[in-house]
Structure formats: C-alpha cells, structure tokens
Amino acid sequence: MAEILFPALFVLLALGVPVAFAMAISVFVALSFGSTYPHLVVVKEMFAGLDSFPLLAVPFFVLAAELMTGGGITQTLLRFVSQFVGHLRGGLGYANVISSTLFAGISGSALADAAGPGAMMIRMMEKGGYKKSYAGALTISSAVVGPIIPPSITMIIYAMQDENTSVGALFMAGIIPGLLLSAGTLAGNWYVSRKRDYRSDEARPPMAEMVRTSFYAMPAIFLIVLIIGGIRSGVFTPTEASVMAVFYALLCGAFVYRSLSLRNLPGIILRAALVSTAVLLILGAARAFAWVLVIEGIPQFLAETIIAWDLSPILFLLAVNLLLLAFGLFMDPLPGVMILVPILAPISAALGIAPEHFAIVVIVNLTLGLATPPVGSLIFVVSSTVHLKPGALIREMPPFFLMSFIVLMLLTFIPALSTWLPHVSGF
C-alpha cells in the first residue's frame with residue numbers, strides 16, 4: 001500500500017488538491033490497488049481520529065478568536081500596542097508583531113492571527129507608507145507564533161500523539177520559544193525599517209491618553225491571563241479553558257466594549273464553524289493516512305533504521321530538523337504532527353531527549369512550513385487579504401526566514417529554552 005500511497009499523495013498535492021482531500025483520496029487509492037481492506041475502514045479511521053474530548057478545544061478556541069475580532073477586542077489590543085511603539089521608526093511593524101503575539105495568547109492558530117489582527121495591521125501599515133508586500137510578509141512571519149505561544153491547537157494534537165507529555169506542559173514549554181520567534185521578527189523589522197527608513201508621522205500620545213487606552217485594554221489582556229493562569233493553577237483543563245475563553249470574549253464584546261450584538265453572532269459562528277471544519281477534516285484524513293502507515297509497518301521500520309545509525313541526540317535533532325523543514329514545505333502542521341510524531345517521539349525518548357524539548361523542535365519546524373512556499377497556508381491567506389501575488393510576499397521574506405532559522409537552532413541546541421518553564425511549573 002505504501003508504494004501507492006505516497007506517489008498518489010504527491011501527485012494530488014502537485015495538482016493543487018487541498019491537503020485533507022489529497023490524504024483521504026490517496027488512502028482510498030492505496031486500498032483499491034494495494035490491499036483487500038474494505039474502503040469503509042477509511043471513514044471509520046477518520047471518525048476515530050475525531051472521537052476525542054481534548055479536540056473539543058479546537059472549535060472553541062477558533063470561536064473565541066472570531067468573537068474577539070467581531071467584538072472589538074482585537075482593535076483594542078492594536079490600539080494598546082500602537083500607543084507604545086507606533087511613533088518609532090518601523091513602529092507600525094513592531095505593533096504588528098506585538099499584537100500578533102498577544103493575539104496568539106488567545107487564538108492558538110496562525111491563520112486566525114493573520115486573518116484577524118494581521119489583516120487590520122496590513123491596512124494600517126499601508127496607510128503609514130509601508131510597502132504593501134512588506135506589510136504582508138511581516139504579518140506572515142508574526143503570525144507563525146500563533147501555534148507556539150499557548151494556547152495552541154497544534155500542541156493539543158501533539159499531546160494526543162505522545163503519551164510522555166501533556167497539553168499543560170507543552171503550553172508552558174511554548175512561551176519562551178514563541179517570544180524568541182517574536183523577538184526575531186522584531187529584529188527583522190528593525191533591519192528592514194532602518195534600511196528603507198520607514199518612519200511614522202504620528203507623535204507619541206499624551207500620557208493621560210495612554211493611561212486611558214491601557215485601562216480600556218485591561219479586560220482584553222486579562223483573557224490571556226485567564227487562559228494560561230487557569231491551566232497552570234489547575235482550575236480548568238485546556239478544553240475547559242477554551243470554553244471559558246468563548247464566554248469571556250462574548251461577555252467582553254457584548255457588555256464591556258459593547259461592539260458585539262446578536263445580529264453579528266450568526267456570521268461569527270458560521271466563520272468559526274467553517275474554520276473548525278477545515279481543521280478537523282485535516283485531522284480525520286491524517287488519522288486514516290497514519291493508519292495505513294502503521295498497517296504497513298513503516299513507523300517500526302524507520303525507528304529500527306534510525307536507531308541502527310547510532311546517532312547522538314544532537315545529530316538526531318539536526319536530522320529531524322532537516323526532515324521536518326522539508327516535510328513542512330508540502331504539508332500543514334496538523335497532519336505532520338499526526339503522521340510523524342508517533343514515529344519520531346519514541347526514538348527521541350530512547351535517546352534521552354526531554355519530551356517537551358523534542359515537541360517544541362517538531363512544532364516550530366512544522367509551523368515554519370506555514371510561511372514557506374510552495375504550500376505555505378499563511379502566504380495564500382495573506383495574499384488573498386492584500387490582493388497581491390504570492391511571489392511578491394515571498395520576495396520580502398528572507399530577513400524573517402533567517403531570524404526564524406537562528407531561533408530554531410537556539411531551540412535545538414539549548415534544551416532549557418523549552419524545558420525550564422514546564423519544570424518550574426511542576427510538569
């Protein structure tokens with residue numbers, strides 16, 4: 001089956017078939033020509049992949065992000081950040097990165113970051129004199145932190161594939177790496193803004209106005225504290241935290257900022273349902289794809305082969321980096337986690353690599369694939385938002401690719417960046 005499965009998948013991806021459909025169809029083709037299993041097993045495995053309580057967090061975090069955007073919370077965060085850095089050279093670029101980082105602490109999704117505050121910041125940067133393609137490229141790079149800073153949909157899926165770690169531990173492990181990626185993007189913006197002399201005509205707001213804006217933003221910022229603090233203190237699980245995020249965003253939008261009305265809710269719920277359906281369809285198809293790999297014994301074969309190479313932990317991590325960066329060029333993070341983690345995580349554990357350290361290396365690698373051609377989802381989301389060809393955005397990306405690679409190497413060679421916070425938090 002494997003001899004048919006992979007060629008079918010690559011052909012379908014090359015033809016532009018969406019990832020979820022490409023994986024599901026390739027499994028059907030492999031079953032048709034390479035086995036005697038009934039085709040019904042594909043549907044069974046897809047449903048089995050979705051039959052999980054922790055997965056309930058996915059639609060709720062997506063809905064929370066949509067409520068934030070529709071309820072004025074996103075705009076409030078943008079104003080809060082812009083008042084501190086908007087007047088600096090490259091200030092709107094800094095505001096883009098920092099607001100995406102704050103939004104990542106609520107949404108858990110890179111695509112939600114790019115489509116929410118990212119789209120607003122692109123318009124603001126263009127009005128401020130920034131090149132539209134650069135504003136789009138910066139938004140792509142800043143949105144990458146969405147699945148790394150907690151909460152994270154990708155981390156929830158990862159914890160379901162590796163029994164040696166937990167969602168709470170991964171949430172804590174992602175804070176420092178996410179902040180480092182944001183810092184790298186800020187450094188890239190500093191370099192480009194200095195080179196092109198992107199200056200702001202706006203003066204720094206008076207102190208009294210800054211205090212009022214900061215006070216007004218406190219309820220929105222508290223949502224981040226509520227999610228992370230509630231999980232860390234054990235008050236609620238990550239799944240329960242996603243429900244709390246929805247109710248808090250709903251209450252803030254309706255009663256604190258008063259920009260969310262009943263007539264807005266059907267559209268918000270519909271958008272959240274469409275995004276959640278797309279994510280869950282990918283997860284279901286990835287489960288069926290992974291089932292074929294297990295039946296064929298590919299995970300066991302690869303594990304035995306890699307162990308026979310007798311690699312040191314560092315060489316193994318470097319090899320994993322190369323594998324995942326290549327994999328991320330053609331596959332989204334969620335199917336990548338479901339297919340590769342059951343293969344690689346046991347080998348990592350056998351080599352004595354801390355599970356949180358390995359998880360962050362995997363998640364960061366695969367998430368960077370969202371910003372790399374030819375299948376980078378963030379490129380196409382932002383491209384449609386700013387009405388530019390993907391090539392124009394890709395040409396602006398090299399400074400951010402370089403900074404992301406430097407951060408990835410730091411995370412690979414310094415385990416404490418991923419393991420310290422989980423350790424001091426009691427995980």
Side-chain angles (χ1 to χ4, degrees), residues 17-25 42-43 45-75 100 103-120 143 146-147 150-157 160 167 223 227 236-254 257 259-288 332-335 337-338 370 377-378 380-382 384-385:
V17 177
V19 172
F21 291 100
M23 287 191 295
I25 293 171
V42 180
V43 180
E45 289 300 322
M46 290 182 70
F47 274 93
L50 302 179
D51 186 17
S52 171
F53 178 74
L55 276 183
L56 285 174
V58 174
F60 281 114
F61 276 129
V62 171
L63 179 56
E66 290 291 343
L67 286 170
M68 282 183 59
T69 303
I73 298 177
T74 300
Q75 297 91 319
S100 286
F103 194 78
I106 301 170
S107 70
S109 167
L111 299 182
D113 273 15
M120 298 177 191
S152 165
I153 293 172
T154 306
M155 289 178 179
I156 294 170
I157 306 305
M160 293 170 58
V167 175
L223 179 52
I227 294 172
F236 36 70
T237 66
T239 305
E240 294 164 348
S242 67
V243 180
M244 291 295 298
V246 168
F247 277 102
Y248 188 86
L250 185 62
L251 291 174
C252 278
Y257 299 116
S259 53
L260 185 65
S261 62
L262 284 175
R263 66 175 178 271
N264 301 135
L265 288 180
I268 290 173
I269 294 172
L270 177 61
R271 290 194 298 272
L274 291 173
V275 173
S276 301
T277 300
V279 172
L280 295 174
L281 186 60
I282 290 174
L283 294 178
R287 167 62 180 257
D332 285 344
L334 295 180
V337 166
M338 293 194 69
L370 291 171
S377 301
L378 284 172
F380 295 101
V381 168
V382 173
S384 63
T385 300

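What's counted below: heavy atoms across the whole structure, side chains too, no hydrogens, waters or symmetry copies. All figures in this text were calculated on a predicted structure; none of them were measured in a lab.
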For [X], give me all partners under side-chain contact (heavy atoms from CB on, under 4.5 Å), at least two apart in sequence or on another chain.
X	result
Val243	Phe60, Phe247
Leu50	Leu55, Leu280, Leu283
Ala22	Leu9, Leu12, Leu13, Val17

Would you say [X] and [Y] make side-chain contact, with heavy atoms under 4.5 Å?
X	Y	result
Val167	Met155	no
Leu334	Val337	no
Pro147	Ile153	no
Phe61	Val246	no

Q: Go through the structure and list residues passing side chain to side chain donor-acceptor pair (under 3.5 Å) with Thr277, not counting sequence neighbours.
A: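 Applying side chain to side chain donor-acceptor pair (under 3.5 Å) to Thr277 gives none.
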
Q: Determine the minimum heavy-atom distance between Ala64 and Ala249, stating which atoms define it.
A: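 Result for this residue pair: O-CB, 4.0 Å.
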
Q | side chain to side chain contact (heavy atoms under 4.5 Å, CB included) between Ile282 and Met338, worked out | A | CA-CA 10 Å; Ile282 290 174; Met338 293 194 69; over 6 Å; no

Q: Using the salt bridge (Lys or Arg N to Asp or Glu O under 4.0 Å) rule, collect all pairs that involve residues 274-288, keeping only residues at least two apart or in two chains.
A: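 Sorted pair list: Glu45-Arg287.
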
(Q) With salt bridge (Lys or Arg N to Asp or Glu O under 4.0 Å) as the rule and sequence neighbours excluded, what pairs involving residues 262-278 come up? (A)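 Listed by first then second residue: Glu66-Arg271.
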
